*Asks:* 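If you scroll down you'll find the structure; I have some questions about it.
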Amino acid sequence: MDFIPQMEPWFDECERLALNEYMLSGGWGTEFKKTREFERRIAEYTGAAFCSVTTNGTVSLVIALLACGVGVGDEVIVPDYTMVATPNAAELIGAKAVFVDIDRENLCMDFEKMRQAVTKKTRAVMLVTINGRCPKDMERFVAFCKEKNLRLIEDAAQSLGSACQGKHLGRFGDIGSFSFSAPKVITTGQGGALITDNEELFDKIKKIRDFGREGGGSDHYLCKGWNFKFTDFQAVVGIEQMKKLPWRIERKKEIGQLYEQCLRGTPGIELIPTDYEQTSPWFFDILAERREELQSYLQEKGIGTRKFYPPLHAEPAYGYDASFPVTEEIARKGLWLPSSSRLTDKEVEFVCEAVKSFYY
Ligand SMILES: *Cc1c(COP(=O)(O)O)cnc(C)c1O
């Protein structure tokens with residue numbers, strides 16, 4: 001069997017033909033009709049009223065914060081367990097990322113911990129629906145932020161195709177953010193998207209990403225903005241990827257369930273509860289005893305894995321002397337198994353057998 005990567009982007013002749021056709025059409029490359037179509041498709045798929053795409057999922061978070069009026073000196077609450085882009089987006093605009101611990105059951109921000117971290121300076125909460133899962137009581141986050149006049153930004157970079165109570169993730173916050181970087185569910189090489197139902201926020205987003213302009217081509221600047229625009233090259237790829245998304249989401253759910261069936265009860269391994277009706281796991285995650293050893297063992301068998309993100313507060317970039325026990329524990333044990341939607345059942349079974357042979 002060939003080496004099984006932990007994740008890989010998946011393009012085929014659809015993207016190749018679509019790009020070829022675009023190149024023959026005389027397009028200028030920068031965002032235009034194809035980008036608007038890509039945005040329309042994302043809005044339709046998620047059920048959001050508005051969508052705006054941008055250069056990547058870090059910049060999309062920056063734009064979301066700016067559109068929400070977050071700025072220098074403001075505090076933004078983020079989970080300690082997330083991809084580093086979440087806190088870094090807040091820090092880029094001069095705000096302070098305030099870390100809180102997560103709920104062990106779903107690895108999302110702990111509501112009580114978040115509530116306790118609010119100060120007079122808090123302006124926004126960045127809720128990360130990590131790996132397509134949502135917190136136990138999503139509505140509590142929404143109601144609390146509303147009551148306290150805080151903006152709720154949902155970092156749904158890992159949640160395209162996943163829902164909570166039947167509603168697509170990214171739609172609970174004032175703004176939801178997605179990423180199309182190479183390892184994500186669908187990719188445009190790099191890319192990000194923002195969705196919202198709030199027309200005023202959408203209007204701000206559009207201006208911030210285009211120099212603050214009144215409208216396309218105008219040199220009248222209504223607010224401070226920059227160039228965070230997309231390209232039609234990427235949109236052409238994104239449209240083809242969107243066509244494949246429904247299949248990929250179903251396939252990832254099947255793969256997750258197959259992993260669960262095969263691995264349940266294996267000593268040394270803990271599975272994180274997953275509701276496959278709602279969640280299409282971006283990566284298949286396990287908590288493993290002797291993780292480092294398991295990882296090298298699998299590598300030798302030709303199986304790629306990846307460790308969970310570290311507790312961000314303790315990374316040199318932040319260096320906070322604090323303790324977030326849940327994040328610390330799961331970051332020590334967490335391992336992502338191969339998770340591409342391209343995996344065959346045979347490959348999943350091969351991975352499971354390898355994991356089991358390590359522990360038995
Ligand atoms: C991937 C990711 C990002 C960053 O997206 P980029 O497109 O790589 O900038 C942000 N947050 C989360 C949770 C992610 O998984």
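Model, not experiment: these values are computed from the prediction. For ligands, and for the atoms within them, numbers begin at 1 and follow the listed sequence.
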*Asks:* So for ligand 1, is V128 a polar contact partner (N or O within less than 3.5 Å, distance only)?
*Replies:*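 No, V128 has no N/O under 3.5 Å of an N/O on ligand 1.
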*Asks:* If we ignore hydrogens and angles and just use 3.5 Å, is the side chain of E75 paired with the main-chain N or O of K121 as donor and acceptor?
*Replies:*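 Not at all, since once roles are kept as given, no pair shorter than 3.5 Å links the two residues.
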*Asks:* Does only the side chain of N56 get under 4.0 Å from ligand 1, or the backbone, or both, or neither? Count heavy atoms.
*Replies:*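 Within the 4.0 Å criterion, N56 contacts ligand 1 through backbone and side-chain atoms alike.
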*Asks:* For atom 4 (C) of ligand 1, which of the options P79, P87, A193, A85 provides the nearest non-hydrogen atom?
*Replies:*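 When every heavy atom of P79, P87, A193, A85 is considered, A85 comes closest to atom 4 (C) of ligand 1.
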*Asks:* Can you check which of Q190, K184, M83, Q158 brings a heavy atom nearest to atom 1 (C) of ligand 1?
*Replies:*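 Residue with the shortest heavy-atom distance to the ligand atom: K184.
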*Asks:* Please report whether the ring centroid of F38 lies less than 6.0 Å from that of F180.
*Replies:*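 Ring centroids of F180 and F38 are less than 6.0 Å from each other.
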*Asks:* Tracing side-chain links under 4.5 Å among I, L, V, M, F, W and Y, which residues wind up in one group with L222?
*Replies:*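 Listed partners: none, L222 stands alone.
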*Asks:* Can a side-chain donor-acceptor contact be found between N20 and Y22 if the only test is distance below 3.5 angstrom?
*Replies:*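 There is no such pair (donor and acceptor under 3.5 Å, judged by atom type) between the side chains of Y22 and N20.
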*Asks:* I need the nearest protein heavy-atom contact for atom 9 (O) of ligand 1: residue, atom name and distance, please.
*Replies:*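 Protein heavy atom at minimum distance: T58 OG1, 2.6 Å.
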*Asks:* May I ask you to identify the nearest protein heavy atom to atom 13 (C) of ligand 1, giving residue, atom name and distance to one decimal place in Å?
*Replies:*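 For this ligand atom, the closest protein heavy atom is D155 OD2, 3.5 Å.
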*Asks:* Is NZ or CZ of K184 both nearer than 6.0 Å to the six-membered ring centre of F178 and within 45° of the ring axis?
*Replies:*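 Geometry flag: not set, cation outside 6.0 Å or 45°.
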*Asks:* Would you indicate which of S60, S181, A157 comes nearest to atom 8 (O) of ligand 1 when only heavy atoms are counted?
*Replies:*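 The nearest heavy atom belongs to S181.
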*Asks:* For residues F111 and F141, establish whether the separation of their ring centroids is below 6.0 Å.
*Replies:*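 Judged by ring-centre distance (under 6.0 Å), F111 and F141 do meet the cut-off.
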